[in-house]
Each structure stands twice: as structure tokens, then as C-alpha cells.
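Just so you know, these numbers come straight off a predicted model, no measurement behind them. Order of appearance sets the numbers: ligands from 1, and atoms from 1 within every ligand.
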Amino acid sequence: MIKVENGYFKIDTPNTTYLFKVNPLGILEHIYYGKKIPSSKDYSFIEEQAKYGGGTLTGDNEYAIYEDCASLEASSSKRGDSRETFLNLSFDSNDREFVLKYKAYRISNGVNLDTLPSSHDKAQTLSVILEDENRGIEVTLNYSVFEDTDVIVRNSSIKNVGKSLIKIERIMSSSFDMIDGDFTLVTLNGAWAKERQINEAPLAMGITKVSSNYGFSSAQTNPFTILKKKETTFVGGEAYGFNLLYSGNHMTTYERTMYHKVRVMAGINDYSFSWTLNPNAVFEAPEATLCYSYQGINKLSHEYHQFVRNHIIRSEFKDKEKPILINNWEGTYFNFTEESLLGIAKKAKEVGIEMLVLDDGWFGKRNSDSTSLGDWYPNLEKLPEGIKGLSEKVHSLGLKFGLWFEPEMISPDSDLYRSHPEWAIKHKSYVPLLSRNQLVLDLTNEEVVKYIGDVVSSLIKDAKLDYVKWDCNRNIGDYYNENLDNQEEFLHRYMLGFYKLVKHVTEECPNVLFESCSAGGNRADLGLLCYMPQFWCSDNSDQVSRMMIQEGTLLCYPQCCIGAHVSSSLSHQTLRTATYDNKFNVACIGAFGYELDLTKLNERELQAIKDQITWFKKHRKLLQLGDFYQIKSFYTDNTQEFVIVSSDKSEAMYFVGNKVFMPYACPTIIKPIELNNEYVYEVSSRAQYQNALLGKGEMCESSEWTILGETFMNAGIRLPYEWLSGNGPEKRIMEDFGSRLYYIEKKEA
Ligand code: DGJ
């Protein structure tokens with residue numbers, strides 16, 4: 001996969017090639033990143049002509065380049081390149097100049113960082129070592145490739161091989177100069193209850209910075225971004241994806257120059273970051289990912305989904321179907337007792353749910369969000385036999401049992417705070433700001449990491465929990481620990497402490513399913529997915545909002561990672577009412593569950609849920625682990641459509657979600673992709689439970705069409721269109737924000 005010949009470094013993935021060279025001056029020049037090309041003795045047909053451009057000239061009569069215009073793989077600082085560099089270092093008296101020259105390379109198997117989350121399994125890694133002897137620095141650029149995905153993993157590290165301190169003011173994990181500048185930038189932005197909304201804009205001249213400064217990867221800006229061509233669609237055209245394995249402040253910058261190049265850099269956000277590097281010390285930057293597709297956005301997403309499933313998630317739940325859970329949060333909020341929870345659990349068992357999850361409010365004196373974070377012992381007024389007793393009772397009903405924690409947080413009104421006020425993050429000169437009445441524990445302090453890790457893991461083991469929801473409901477405000485000489489190290493040190501904590505707890509409890517959560521989906525990133533195989537996607541489970549949130553999320557993260565629940569018919573976030581079936585249709589593609597008080601539903605509603613679950617269990621593997629392809633976008637079309645196809649193409653699920661019903665609107669013709677041309681498929685629509693609920697229809701999965709794969713994919717099937725009339729059938733296909741699922745199954749010959 002990696003070839004080094006005649007000074008060229010050629011990195012091949014199954015469908016792409018990434019190429020750079022060491023030029024005669026010892027500078028790394030980027031040559032090409034795109035569709036796979038065969039090896040060649042030289043690549044002059046695509047290489048930059050030496051001396052293209054203007055400005056200061058680096059080199060001699062034999063070979064010279066204008067660094068400002070060249071495509072560089074690793075830029076030096078100051079000198080001839082006026083663009084921003086991936087490494088900002090400050091030596092004595094703020095001198096910042098350095099020149100990185102090639103020293104050596106090595107190829108090894110595997111990738112693994114010492115201090116940070118890392119992709120894993122069957123990688124081949126190229127490490128290119130650069131140096132500046134004057135400055136005493138050695139910089140290593142790592143490139144890892146895998147046999148089964150086009151995603152390339154990069155990272156960089158720097159070693160101080162000199163005798164003086166060096167201050168790192170920026171170290172990007174990856175940087176390269178694309179040889180073309182004309183792109184549309186796609187980013188995922190949002191806020192609480194509207195995470196990962198898709199935004200697109202032409203890439204402007206100058207620097208565009210896509211970043212988070214919230215202390216966490218954040219709902220405001222997810223680290224995943226795409227550069228695509230104007231003409232790129234879901235199924236065709238070029239697209240490049242970038243992401244980072246980091247849960248803290250991140251940034252990706254795109255510097256588009258007048259020479260029609262784009263320097264793309266990704267790494268830790270350099271705002272409020274610096275690091276003091278002592279002699280002999282090494283700093284490693286997080287892993288960053290790159291991926292190229294010439295077959296549109298779907299192929300890019302597909303590669304990322306494969307990468308996440310095969311090289312990010314390592315828990316034993318990696319390839320498993322996830323249990324259907326019921327979470328009590330929106331059903332009861334803080335107001336529950338053991339009895340009321342067991343009431344929900346019994347109903348849950350009756351309808352076929354597999355796990356009860358007890359959310360916030362079970363510990364200390366927590367009857368509201370104003371108290372007790374840090375006091376991880378049960379509130380015996382609510383739970384007389386504690387968590388252990390409740391867990392036993394839930395297990396004896398034949399259900400799994402899971403519990404909510406918010407380990408990184410501390411309430412000022414808690415026993416933990418009263419005994420350790422110094423464990424909360426605080427600036428020495430300012431009153432700490434509260435958010436949701438809470439402070440953040442200082443995870444730069446090893447004692448805190450150890451204490452909280454031990455408390456949480458012993459409780460999980462003692463109560464024999466099957467699942468943990470790991471929440472985090474506020475951002476970090478102050479970046480301060482009085483013991484640090486350099487306060488700009490604080491946040492990265494916090495992240496190192498955080499990763500140590502989650503590694504410890506998840507390794508102590510290898511059979512437990514962990515779901516990360518952060519005030520909804522505020523921390524959906526590849527870093528945390530290395531430890532917890534799924535994240536709560538959003539507190540907003542209104543089906544319309546979810547169509548938008550999930551479409552954005554699915555651009556990079558596969559269905560099995562996305563926590564998605566059916567909540568009560570009246571959405572608590574939007575106050576919109578929807579049928580349980582429309583909610584189900586949207587939620588059932590993810591790590592699926594319910595979030596309501598089942599004891600408050602009537603028989604008809606319970607029956608609808610029971611039928612959903614029976615149906616879901618038949619199709620769960622396909623829904624959670626099948627290959628996802630977007631067909632129409634909620635952001636640009638009147639329907640949202642996608643298909644999930646099994647790897648052998650013997651079955652698929654087609655989703656159609658409507659926006660607003662209009663008479664004589666464009667017909668809805670479903671045209672799946674990625675089926676087998678030769679197979680004959682039977683297509684059935686999921687039962688029209690809505691109609692059943694209204695007493696107007698039958699609950700059944702009826703086979704509606706039999707069709708050849710090729711015909712289905714080319715001509716499609718036109719959905720029937722009916723409305724209320726004096727004589728007609730009393731149903732209307734696709735009510736406002738309604739949705740349908742069509743199961744497609746290969747017909748046995
Ligand atoms: C925020 C989460 O997103 C919710 O699901 C719930 O767990 C609350 N926190 C509990 O405080």
C-alpha cells in the first residue's frame with residue numbers, strides 16, 4: 001500500500017493515491033491526491049514546474065522553487081512561504097524561523113498513539129522524519145493506510161532534540177496543499193437540539209477556519225468537513241473528507257490562495273493553546289483523517305462508515321445488534337421511584353423492549369439539576385434498595401439494565417465539593433461561572449481522574465450494569481490550574497486526563513455498552529468513539545428535526561453509532577405532535593430505543609409500539625449494520641430519501657420522509673441504488689400503523705410490488721397517491737412530515 005521509490009512516497013488505498021516527494025532541496029512537495037493511479041518512474045506530468053510563481057526563491061541553479069506558490073507537504077516557517085504553517089514554534093526571544101528538511105523514513109505495521117485515541121487494526125504506516133539541526137527539532141509525519149478503506153490517517157509529532165525549551169504555539173495533525181482551489185465547503189454546525197445541520201458555501205479566497213472553542217468538539221461545529229466540487233452529487237463527482245480523532249477544541253483551516261491552491265490543515269485549535277517542550281520531550285498531535293471519493297458524497301460517507309466500524313470502534317459491540325432500550329428521562333425526568341421504574345420496566349418487557357435505562361436523578365439528593373453531581377451513591381428515598389437492588393429486580397424481569405452518569409462534573413452543592421472544592425476548575429482571580437448549576441472537575445489533576453474512575457467503575461461492576469450513558473452537560477469555561485506554568489496547556493491536559501478516565505472505565509468494564517452523550521449530541525467525534533461505540537445524537541427526537549440532524553450526522557458516522565429514540569407523541573423540544581409510527585420510521589435506523597412513560601400510553605398505542613418492535617427485531621441487523629446511501633436530501637428536496645442495503649444485496653430498506661403535502665406535487669418515485677441488477681425483489685411497505693391507530697387501516701407488512709433490480713433502480717416505483725374523497729379510500733400517502741419504510745427483499749428463485 002505504501003511505496004517509496006526515487007524520492008517519491010506513494011500511498012495507495014483501494015481507490016485513491018496520495019503522492020509526495022522529497023525534492024533535491026530536501027523539502028517535501030505534495031504532488032497528487034485523488035483517484036488511484038499506477039506507479040510510474042517519474043510523475044513530471046502532474047508535478048508542479050519548478051520555479052512556478054514568484055516571491056523569494058529557495059534553491060540554486062540546479063533546482064529552485066518559489067515556496068509561496070509551491071504545493072508543500074510540510075511547510076517551514078517564515079522564509080519564503082507566506083501562508084500559515086502547520087507548526088508554529090517560538091524559540092529564544094520569539095524567534096520563529098525554522099526550516100524542515102527531510103532526514104529519513106520508515107514503514108511499520110499498525111498505528112498507535114501513546115496518549116491519545118487512535119485508529120487500530122491492520123494498518124501500514126509510513127513515518128517521514130524531518131529535521132532542523134539549527135533548531136534542534138525533529139518532526140515526524142505519519143501516514144497510515146488500511147486494506148479495506150480509502151480513509152488515510154495522519155498525525156504529526158515533534159521532538160525537542162536540542163538543549164533549550166521550545167514553545168509549540170500550533171501543531172497541526174495534517175497539512176497539505178491541494179493543487180486546485182475551486183471547491184464548495186460543507187460543514188456540520190448547530191446547537192443544542194439542532195446538532196450537525198448541513199451548511200454549504202463556496203470556498204472563499206483567504207483563510208476559512210472551521211473550529212470549536214467550547215472545550216469540547218461541540219454541537220456548534222463538528223470536526224468533520226467536506227470539500228467537494230460544485231457539480232458533485234450523492235452518486236457522482238469529487239469530494240474530500242476531513243475529520244479528527246479529538247474531543248477537545250479543534251480546527252480545520254482552508255487557505256485558498258491566488259495561485260488556486262488550498263492549504264488544508266487539521267488539528268488542535270491553536271486558540272488558547274501552547275505547549276512547552278523540554279529538551280528530549282515529544283509532543284504528539286491527535287490523528288486526523290483524509291478521504292477522497294470520485295463517486296460522490298455517498299462513497300465518501302461509505303468509506304467513513306467502514307472506517308469507523310472497522311478501525312475506530314473496538315468494543316465488543318462493534319458488529320453486534322444493539323439492545324432496544326427504554327430510557328425514563330422524558331417519561332419522568334427527576335420524578336420517579338423504584339416502583340414507578342419497575343412499572344415502566346414491566347410494560348417494556350410486555351412490548352418486547354430489551355433494556356431499561358435509568359437516567360439522571362438517581363444519586364445524592366438530586367431531585368433537580370441544582371445538586372449532587374459527584375455524589376455517585378443512590379438516593380435511598382427514591383430507590384430503597386439502591387442501584388444494586390433495582391438492577392437485580394430489572395434483571396429478574398428479563399431485561400438488561402443501564403444507568404446514567406455525568407462523571408466529569410461536580411455540583412457546588414455536593415458532598416464531593418464540600419470535601420474537595422479544589423477539584424473543580426476555577427481561576428484564582430474570578431468566580432467560576434456555573435452552567436446548569438454545575439462546575440467541571442479538573443481532569444488535569446491525576447488524583448481526580450483516579451478517584452472518579454474508581455468510583456464509576458466499581459459502581460458499574462457492583463450493580464452488574466449492562467449499559468452506561470456518559471453525559472456531559474456543560475462546556476469548559478475557565479482554562480486554569482494554578483499548578484501549571486503554562487496555562488495554555490490546560491485544555492489539552494484536560495483532554496489527556498479525560499481520555500485516561502474513559503480508557504480506564506471502559507477497559508475495566510469490557511462487556512458494558514457505553515453511550516456518550518453531551519447535553520444531547522455535543523460530543524459526537526471519532527476520538528470518543530474509540531472508547532464508546534455510540535453517542536446520543538440529540539435531545540431533540542421530534543421526527544422533523546431528527547431528519548435534518550441525522551442526515552448531517554450520517555455524512556460521516558454510521559447508523560450503529562447514532563442513539564435514536566421514539567419519544568412521546570408531543571415532542572418536548574418542538575411541541576410538535578406526531579404519530580408514534582412517524583417517529584419510529586425516523587428513529588429505527590440507529591441505536592434504537594424509546595424515551596417516554598409507557599405506563600401512560602393507551603392499549604392502542606402500546607400495541608403500535610409492540611408491532612414496531614416485532615418488525616424492528618426482524619430488520620435490526622440490516623438497519624444498524626447495512627450500507628447507507630442517501631438519495632434525496634431534506635435540505636434541498638421535498639422528500640428525504642435513503643436506502644440501507646445489506647452487503648450481499650439480498651435485502652434493503654428504503655426510507656421516504658415527506659416535508660409538506662401538496663396536491664399534484666411531483667410524484668414520489670422511489671429508486672434505490674446499489675441493489676443487484678439481476679435479482680428480482682419483493683417490495684413491501686411497513687404497516688400503516690397511523691391508520692390503524694385512527695381505526696382506518698390494517699396493521700400488516702403487505703407485499704406490494706415484485707420487480708427486477710435493474711428496473712427498480714432505473715425506472716423506480718411510483719408511490720400511490722390518494723386523498724379523502726366522497727368515495728375514496730380514507731388514507732393519504734405522505735401526510736405533512738409523514739414517512740414510510742419499504743422493505744426490499746430478494747425473491748428466492
Ligand atoms: C442531557 C441529555 O442529553 C439527556 O438525554 C438527559 O440525560 C439529561 N442530560 C439529564 O440531565
Side-chain angles (χ1 to χ4, degrees), residues 190-196 214-220 222 247 322 325-336 341 344 355-376 378-379 382 387 401-411 413-414 434-441 456 465 467-475 513-525 528 532 534-542 545-546 549-550 553 561-568 571-574 583 587 590-597:
W192 177 79
K194 55 177 295 194
E195 294 86 343
R196 291 171 295 286
Y214 289 83
F216 299 120
S217 48
S218 89
Q220 281 74 8
N222 191 269
S247 313
K322 304 283 174 55
L325 64 83
I326 177 135
N327 177 306
N328 73 311
W329 178 241
E330 287 195 9
T332 67
Y333 292 108
F334 294 101
N335 191 11
F336 58 82
L341 292 172
I344 295 176
M355 177 158 76
L356 174 76
V357 175
L358 171 53
D359 210 280
D360 194 354
W362 57 267
F363 51 93
K365 300 191 177 61
R366 188 140 165 116
N367 294 316
S368 74
D369 62 17
S370 61
T371 174
S372 299
L373 292 169
D375 297 345
W376 301 114
N379 177 336
K382 290 180 180 175
I387 288 296
F401 181 57
L403 195 62
W404 177 98
F405 289 89
E406 199 176 357
E408 296 147 81
M409 298 294 156
I410 181 164
S411 306
D413 176 19
S414 65
L434 294 176
S435 170
R436 209 191 189 210
N437 309 305
Q438 66 201 53
L439 297 172
V440 186
L441 281 170
V456 172
L465 300 182
Y467 160 104
V468 165
K469 178 174 173 186
W470 183 301
D471 207 345
C472 166
N473 280 299
R474 66 158 290 178
N475 65 328
L513 173 60
F514 284 84
E515 175 159 340
S516 74
C517 169
S518 181
N522 202 26
R523 205 159 52 177
D525 61 65
L528 201 40
M532 304 189 186
Q534 62 191 57
F535 52 78
W536 179 223
C537 186
S538 174
D539 276 348
N540 190 347
S541 44
D542 161 72
S545 309
R546 270 296 178 127
I549 295 168
Q550 290 179 192
T553 307
C561 296
I562 298 178
H565 298 173
V566 171
S567 54
S568 71
S571 161
H572 293 199
Q573 295 75 34
T574 61
K583 292 195 144 196
F592 173 64
Y594 291 83
E595 178 127 359
L596 38 73
D597 185 348

Could you tell me, atom by atom, which parts of ligand 1 come under 4.0 Å of a heavy atom of [X]?
| X | result |
| --- | --- |
| Cys517 | 2 (C), 3 (O) |
| Trp536 | 3 (O), 5 (O) |
| Ala519 | 1 (C), 3 (O) |
| Trp404 | 7 (O), 10 (C), 11 (O) |
| Asp360 | 10 (C), 11 (O) |
| Lys469 | 4 (C), 5 (O), 6 (C), 7 (O) |
| Gly520 | 2 (C), 3 (O) |

* **Flag if over 12 foreign heavy atoms under 6.0 Å of OH, Tyr214** =>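 Result for OH/Tyr214: open.
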* Asked: Given the rule in the ring-ring contact (aromatic ring centres under 6.0 Å, His included) test, do Tyr467 and Trp404 qualify, once you have shown the distances and angles that lead to the verdict?
  -> CA-CA 9 Å; Tyr467 160 104; Trp404 177 98; over 10 Å; no
* Asked: Does the distance from a Lys or Arg side-chain N to an Asp or Glu carboxylate O, for Glu408 and Arg523, drop under 4.0 Å?
  ->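 A salt bridge links Glu408 with Arg523.
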* Asked: Got a salt bridge between Asp360 and Arg436, using NZ or NE/NH1/NH2 to carboxylate O under 4.0 Å?
  ->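 Salt bridge: yes.
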* Return the orientation label for the Phe334 and Trp329 ring planes: parallel under 30°, perpendicular over 60°, tilted otherwise. =>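 Rings of Phe334 and Trp329: perpendicular, as their planes differ by over 60°.
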* Asked: So which protein heavy atom does atom 4 (C) of ligand 1 come closest to, and at what separation?
  ->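 Heavy-atom neighbour on the protein nearest atom 4 (C) of ligand 1: Asp539 OD1, 3.4 Å.
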* To do: For atom 7 (O) of ligand 1, grab the closest protein heavy atom and report residue, atom and distance to one decimal in Å.
  =>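 Atom 7 (O) of ligand 1 sits closest to the protein heavy atom Asp359 OD1, 2.7 Å.
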Measure [X] to ligand 1 on non-hydrogen atoms and call it side chain, backbone, both or neither using the 4.0 Å cut-off.
| X | answer |
| --- | --- |
| Arg436 | side chain |
| Asp369 | neither |
| Asp471 | side chain |

* Who gets closest to atom 8 (C) of ligand 1 by heavy atom: Phe334, Trp329, Phe405, Trp192? ->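 Among Phe334, Trp329, Phe405, Trp192, the closest heavy atom to atom 8 (C) of ligand 1 comes from Trp329.
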* Asked: Just wondering, do Asn367 and Asn379 contact through their side chains at under 4.5 Å, heavy atoms?
  ->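 Answer yes - side chains close enough.
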* For the residue pair Phe363 and Trp376, is the inter-centroid distance of their aromatic rings smaller than 6.0 Å? ->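 Ring centroids of Phe363 and Trp376 are less than 6.0 Å from each other.
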* Do we see a donor-acceptor contact under 3.5 Å between the side chains of Gln220 and Glu195? ->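 Side-chain D/A pair, Gln220 to Glu195: absent.
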* Under 6.0 Å from the six-membered ring centre of Phe336 and within 45° of its axis: does the NZ or CZ of Lys382 meet both? ->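 Judged by the rule (NZ or CZ under 6.0 Å from the ring centre, within 45° of its axis), Lys382 counts as positioned above Phe336.
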